[in-house]
Amino acid sequence: MDSSGSDTSNALSPYQILFTSLSLIPLSHLLSALFILFFIFLYNFFEIHFLHDFFHAFTGDRVSIVASDADFYDSVVSKCRILHGRFSSTPWLCSPHLQTIFLSIVGKCPPVSYKRQLFLVPDGGTIALDWLRGCDVKCDGYDVNVSTSDNEKIPTVIVIPGLTSDSTAAYIKHLAFRIAKRGWNVVVSNHRGLGGISLTSERVYNAAWTEDIRRVVGHIHSQHPEVPLFVVGTSIGANVLVKYLGEDGANVPISGAAAICSPWDLLICDRFINRRLVQGFYNKALADGLQGFALLHQSNLSRLTEWESIKKSRSVRDFDNYATRILANFETVDAYYRHASSSTYVGNVAVPLLCISALDDPLCTKEAIPWDECRANRNVVLATTPHGGHLAFYEGITASSMWWARAVDEFLGVLHSSPYISVIKQMQKTRAPTPSFSIDQGPYVSVLEDGMVTAVGDEPTDDTVQEMPNQETTNVSTDDEVILDKEEADHDRKNDQLEIYEEKNTTPATTPVRKCTDCLARWSGRSVWLLAYIAVLTTWPMVRPALSLLFKKRDKNPATGGSRKR
């Protein structure tokens, strides 16, 4: 019994045995094991796919294409070899985060020099249009000479940048340079307050505001009606583009479009970037960019928004709550996100639209892609790749090329040269213009004191920018050309003619009445006839008894005269 008790007392616990075993392992082996575990953690945390590419011999993955219309696919999509090929990312950028960070920090891009125009819109806002013409592009040290006859119409591509981006962004230069090499003209429509231009109105761009691109497209089309127009939107610009195309349907003067890395559903993307730890870094970086934009225009935004709260914003949602929502006249952030999401508008797109998204996009999640809506629209082609990041898609060993820029350039070229483009032009010539009312442009309406209903913040004003200082931007010429919106110029001309007519026909007796009618016209916004109709309805209960009494007296007078004669 004594020997068995001593054996039990001398027995070691499992933890002691484990630590004893670990102590026998060399320290170098333990450090190697910890390094391997840490590497596995980083490999999954940053979504690296180097081993996947290695076992596939770096041949890349096939591009998935969703297209429902057979005629559109046969005449255009089937001839796009890049879309039907493979995308192989740069081996040392084999992660969506590495791709996106490389684009933001390094961002290799070709040399581009723009020529700037300042476009003034009726509400007093200023939009910088940066032009890059095909004849001004240099390729490999040689000028690209594009010889065209006077009768030949060179296509123009309008580019809409992403959030807090302008024409100087690396991905914008990649696209503009590649399209200009084709001999086409490119114009980058910078958002208000970006591109080195100050805010000249209380309107600030957001994901739901499509009026600026509508006016830019209308202006360029009015200047050159026969020139084929194409539009390319990136990130938030893609969301604005799809929303604009869905709002106007067939009443758009463009021949084709492309939406790159669109967020599609802002509410889902907001939940996504607040869900995971790695997305939190992007959320903070975007918030810092928005705060930088606000600081550039502090004199304007400090009196229109909750400025102290803006400086404390730590996420995009915080900034939208304290600034974007207020400036866009939305009650809540979620209401703004729902109204701005382009996924509900893609079904109404009536022109050929190429949509490109990466399934590993760290900002615009694949959960927001409207697969069924794109499949149901015969004019939409959805191309998705397993990898690529956000607006990056770097390929080649030197990361000197962006795959999506090549795909868009090829798609627009094939579309322009295909017989399918004649069908679009014929449809645009026979379309009936849809009247636009100011009450339809605002997300909310306001009831005035006199009972009239008006759109909040969307009424055009008569104020125009008389002087505009030269703004210097990298690779943008400082010879700014100021142009006015056609509607604004016509409006000013009509006002001048009306003032001359009033000066000739004004008398002291009619001056008070004319002032009253002018006041009513300004408040009603071309609704004088509506006011007259309301006035008749409201005074009819008093006028009707008087009229009936008057007619009764007239009927009785002939009868009375006849009895007297008898």
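Evaluation of the ring-ring contact (aromatic ring centres under 6.0 Å, His included) rule for Trp371 yields no partner, not counting sequence neighbours.
Looking at Ser95, its side chain does come within 3.5 Å of a backbone N or O of His97 through a donor-acceptor pair. Using modelled atom types, one side-chain atom of Ser222 and one backbone atom of His219 make a donor-acceptor pair closer than 3.5 Å. Under a 3.5 Å cut-off, the side chain of Ser401 and the backbone N or O of Glu395 do not form any donor-acceptor pair. Within the 3.5 Å criterion, the main-chain N or O of Leu194 finds no donor-acceptor partner in the side chain of Asp166.
Between Asp123 and Arg192, at least one side-chain N (NZ, or NE/NH1/NH2) sits under 4.0 Å from a carboxylate O, which counts as a salt bridge. Under the 4.0 Å criterion applied to side-chain N and carboxylate O atoms, Arg375 and Asp372 are assigned as salt-bridge partners.
For Glu202, the CD atom is loosely surrounded, since the number of other residues' heavy atoms within 6.0 Å does not exceed 12. Atom NZ of Lys366 has 12 or fewer heavy atoms from other residues, nucleotides or ligands within 6.0 Å.
Residue pairs that meet the salt bridge (Lys or Arg N to Asp or Glu O under 4.0 Å) test with at least one member in residues 233-244, sequence neighbours left out, are Lys243-Glu247.
Residue Phe58 forms a ring pair (Phe, Tyr, Trp, His ring centres under 6.0 Å) with just one option from Phe87, Trp92, Phe50, and that option is Phe50. Between Arg317 and the options Asp270, Thr324, Asn283, a side chain to side chain donor-acceptor pair (under 3.5 Å) holds for only Asp270.
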Between Phe293 and Phe319, is the ring-ring contact (aromatic ring centres under 6.0 Å, His included) condition met? List the steps. CA-CA 11 Å; Phe293 170 80; Phe319 185 89; 7.6 Å; no
Apply side-chain hydrogen bond (donor to acceptor under 3.5 Å, both in side chains) to residues His52 and Asp61 and explain how you reach the verdict.
CA-CA 10 Å; His52 171 81; Asp61 299 288; 3.2 Å; yes
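For Tyr205 and His297, the gap between ring centers reaches or exceeds 6.0 Å.
Listed here is the closest heavy atom pair of Ser113 and Leu132: O-CD1, 3.5 Å. Summarising the geometry of Ala67 relative to Val381, their closest heavy-atom pair is CB-CG2, 4.2 Å, with the distance given to 0.1 Å.
In this structure, a donor-acceptor pair under 3.5 Å is absent between the side chains of His416 and Ser255. Side-chain contact check for Tyr171 and Ser165: at least one donor-acceptor pair (N or O, by modelled atom type) lies under 3.5 Å. Under the 3.5 Å distance criterion, with hydrogens and angles disregarded, no donor-acceptor pair is assigned to the side chains of Asp360 and His49.
Ser357 is listed as a side-chain neighbour of Trp264, based on a closest heavy-atom distance under 4.5 Å.
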